[in-house]
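What you see below is based on every heavy atom in this structure, not just the backbone, and it leaves out hydrogens, waters and symmetry mates.
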Amino acid sequence: MTLYLPSNALRLTNGTPLLRPHPSRHLQNHALQVQRLRHHKQNRMILCEPGARSCVWQEDRDVIIKKTLMKRTLTKHGFAAVLLLACGVCALAAPAPKKPKLILLVVVDQFRYDYLLRFRSDYSAGLKRLLEQGAVFDDAHYIHYTTMTAQGHSTLLSGAPPSLSGIIQDTWYERGSGKTVTSVSDDDTKLVGGSAAIGSSPRRLTVSTLGDEIKMQGQQVKVIGISTKDRGSVLTAGHMADSAYWFDAPSGHWVSSTYYMNELPPWVAEVNASKPTARAENTSWMPLNARPGDKPFCTTVKSDASQRYCGAFERTPWGNEMIEELAVRALTAEKLGHHDGTDVFSVSFSSNDYIGHDLGPDSPEVRDISIRTDRLIGKLLDQVDKQVGLSNTIVVFSADHGVSPSPEVQQQRKMPGGRTSPAELTDALERVLGEKYGPGKWVLYNDSYGQIYFNREVAAKYKVTVDEVSRTAVEFARTVPHVFRAYTAEEVRNGRGAGDPVTTAVAYGYYGSRSGDLFVLYEPYYVGGTSKAGSTHSTAFDYDNHVPVIFLGTGIKPGHYFGKIAVNDVAPTLAAIAGVETPSGSIGRVLQEMWQ
């Protein structure tokens, strides 16, 4: 973990801090290394010099230097260097914010970081409050590939990359069952409150979340997740959650699954009885600043050929309104923030993602839905303040991924970009492998974002290994126009290209028993998937992995923090604030620089 030192300090790439050498020639080769450890019996951090007889305790209020820091006698300059390190540690060892009654995670699906900049003057409510009163980490990134909804949500409150969490995609091919599965689909559960379908659960998530760690400590708390998407609510809430709710389009109801309950609580049933989707029937989505005579963005009337059809309810601003309303009901009905320990409440707004996919990030509709989301977040924060008190709450705002500009817009800008065809790549691989080894269905599954699974039975028929098939396939894939990188699973397992940021991202996204056999990455601004319009996300480039991370609450020092962080840092930071163990798969660090 990186220990943040004063400006006169250096850090190694592995996070080990070093003192800047003193100008004196006697200290040109002297450096003090520091380790950051957790005491095994106390929930306190220790800063130690390797080989030293004593350490620096990172206390809740004070940092004290225990005994002698060095085995050897230091020169006058060396002793000054130790004092300098101690002062740097003292300056940074601010107490953690007080343990809150509520941790509120607000996620906006597909909310690129630059939406904070492009639409800043339009924000007047929740986002304005977060930007002005919160700790804004301006260079926060997901470090895994691919960047999709499931991976993003699973990372936020676990701190784990897909290589540890097992959540490698929204959907993947399950070799054992021979079928495609989603990140949360669970044949052993059923929906509760909606259509007759299988339910969802966090059973494919292999690590703990923040809520799990709080629950395992024995605290009497509530952990709840809400989103239009099942993966948006289930993967943030975790294994021990009291409930997760998502929207079931066939029934038009909020639902859960038998993993959590056998029937919906009365307050959710009441919301469903009010027909929350009725507001979007036979109407049009008008721009916020519409004037008389302006045309709507779209209509919910299918028969109206004069306007673009909005599509499903969740692809409109009313989908987000429904989320905010359910979240406020949950605050009251579940008495969130009024239990013995720290409650965890995750709320994920999904309509932004659907609209961004349909129309691309440069559409006026995306600006409009961003402004509307700002107002909804403002309403939610007002209710939290009223019912719990923002002084008793830590709020975290983020997104699960970004999105690429649409290729057509890029071409108008004279920028690179285009659309790729997963079907064409699959056909080409079938041809190449068939010509070399023999006919057969070589490609079992292409997820449309560059992850490809080969048929082991066909390979066995021709007495070749899947690794050999993959090597043949990758050689061909690297010749395909606009392919930026291609890797076999064997190369990822063996650490080929270790240290390269793109290769590292692929490795962070790889989970052996679930991932594919071939990974094909395209050049920047080339969009995969099956859509012929709009845009999508999945890449290891900044437009897909750069997202907002903002903390708001008592003990959080407002301002902009421009040092690069990983979204994986959110979970361990919240665990430190809540006074619990870091989630089991977390690879992040505590963002202690924002503590007052």
Side-chain angles (χ1 to χ4, degrees), residues 105 107-111 141-174 179-187 189 198-212 225-239 241 244-247 257 259 314 346-350 352-354 356-357 398-403 445 447-451 453 505-506 508-511 513-516 519 528-529 536-540 544-545 547 566-568 570-571 583 585-586:
L105 171 67
V107 184
V108 179
D109 203 319
Q110 201 189 110
F111 196 92
H141 295 259
Y142 284 103
I143 60 174
H144 57 255
Y145 165 85
T146 56
T147 41
M148 305 292 283
T149 297
Q151 296 100 307
H153 281 84
S154 66
T155 298
L156 276 161
L157 291 186
S158 75
S163 58
L164 296 177
S165 72
I167 305 301
I168 61 166
Q169 251 285 13
D170 291 348
T171 304
W172 62 84
Y173 180 79
E174 189 175 65
K179 64 180 184 180
T180 58
V181 298
T182 79
S183 57
V184 293
S185 59
D186 186 346
D187 291 346
T189 68
I198 68 166
S200 301
S201 83
R203 286 176 176 147
R204 288 194 172 88
L205 179 69
T206 62
V207 296
S208 67
T209 64
L210 174 70
D212 295 330
I226 291 175
S227 176
T228 301
K229 302 177 180 180
D230 54 0
R231 54 193 180 275
S233 60
V234 169
L235 295 174
T236 51
H239 300 272
Y245 302 104
W246 57 94
F247 182 67
S257 83
Y259 177 87
E314 56 268 30
S346 65
V347 181
S348 178
F349 293 94
S350 307
N352 308 65
D353 181 69
Y354 294 117
H357 275 293
S398 193
D400 54 349
H401 53 72
V403 67
Y445 181 70
D447 72 356
S448 298
Y449 298 99
Q451 185 170 208
Y453 295 72
V506 174
Y508 273 134
Y510 179 82
Y511 192 90
S513 61
R514 297 178 180 177
S515 292
F519 305 90
T536 193
H537 47 86
S538 71
T539 75
D544 278 344
N545 68 31
V547 297
V567 179
N568 306 72
V570 170
S586 172

Can Tyr510 and Ser515 be said to form a side-chain contact (heavy atoms from CB on, under 4.5 Å), step by step? CA-CA 6 Å; Tyr510 179 82; Ser515 292; 3.4 Å; yes

Looking only at non-hydrogen atoms, find the nearest pair between [X] and [Y] and report the distance.
X: Leu157; Y: Pro583; answer: O-CG, 3.9 Å
X: Gly232; Y: Thr236; answer: O-OG1, 3.2 Å
X: Val207; Y: Ser158; answer: CG2-CB, 4.0 Å
X: Thr155; Y: Ala160; answer: OG1-O, 3.3 Å
X: Asp230; Y: Ser200; answer: OD2-OG, 2.8 Å
X: Gly238; Y: Pro202; answer: O-CG, 3.5 Å

Verify side-chain contact (heavy atoms from CB on, under 4.5 Å) between Leu105 and Val347, making sure each step is shown before the conclusion. CA-CA 6 Å; Leu105 171 67; Val347 181; over 6 Å; no

Ring of Tyr354, cation from Lys229 - is the NZ or CZ under 6.0 Å from the centre and inside 45° of the axis?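 Yes.
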
Between Phe247, Trp246, Tyr245, which is the residue that forms a side-chain contact (heavy atoms from CB on, under 4.5 Å) with Ile226?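 Considering Phe247, Trp246, Tyr245, a side-chain contact (heavy atoms from CB on, under 4.5 Å) with Ile226 is found only for Tyr245.
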
Do [X] and [Y] have side-chain atoms, one donor and one acceptor, less than 3.5 Å apart?
X: Ser350; Y: Asp353; answer: no
X: Thr539; Y: Asp544; answer: yes
X: His401; Y: Thr149; answer: yes
X: Ser348; Y: His153; answer: yes
X: Thr146; Y: Ser538; answer: no

Side-chain ([X]) to main-chain ([Y]) donor-acceptor, under 3.5 angstrom:
X: Tyr453; Y: Arg514; result: yes
X: Gln151; Y: Pro162; result: no
X: Thr206; Y: Leu164; result: yes
X: Asn545; Y: Ala540; result: yes
X: Glu174; Y: Val181; result: no
X: Asn568; Y: Ala571; result: no

Closer than 4.0 angstrom, basic N to acidic O: yes or no for Asp187 and Arg203?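 Looking at Arg203 together with Asp187, the answer is no, because their closest N to O distance does not fall below 4.0 Å.
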
Could you tell me whether Arg204 and Asp186 have a side-chain N and a carboxylate O separated by less than 4.0 Å?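 Result for this pair is no, no salt bridge flagged.
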
Run the side-chain contact (heavy atoms from CB on, under 4.5 Å) test against Ser154 and tell me which residues pass, sequence neighbours left out.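 If we apply the side-chain contact (heavy atoms from CB on, under 4.5 Å) test to Ser154, skipping adjacent residues, the hits are Ser165, Ile167, Leu205, Leu235.
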
Atom pair [atom1] ([X]) and [atom2] ([Y]), whose distance is rounded to the nearest 0.5 Å:
X: Phe111; Y: Ser398; atom1: CZ; atom2: OG; value: 10.5 Å
X: Tyr511; Y: Trp172; atom1: OH; atom2: CH2; value: 9.5 Å
X: Asp170; Y: Tyr449; atom1: CG; atom2: OH; value: 7.5 Å

Pair Gln451-Tyr445, side-chain contact (heavy atoms from CB on, under 4.5 Å): steps then yes or no: CA-CA 8 Å; Gln451 185 170 208; Tyr445 181 70; over 6 Å; no

Minimum side-chain heavy-atom gap [X]-[Y] below 4.5 Å:
X: Asp109; Y: Phe349; value: no
X: Thr209; Y: His239; value: no
X: Gln169; Y: Asp447; value: yes

Please check if atom CZ in Phe519 has more than 12 non-hydrogen atoms from other residues, nucleotides or ligands closer than 6.0 Å.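 Result for CZ/Phe519: enclosed.
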
Determine whether Thr182 and Arg231 satisfy the following criterion, side-chain contact (heavy atoms from CB on, under 4.5 Å), listing intermediate values before the conclusion. CA-CA 9 Å; Thr182 79; Arg231 54 193 180 275; over 6 Å; no

Worked verdict on Asp400 versus Gln110 for side chain to side chain donor-acceptor pair (under 3.5 Å): CA-CA 6 Å; Asp400 54 349; Gln110 201 189 110; over 6 Å; no

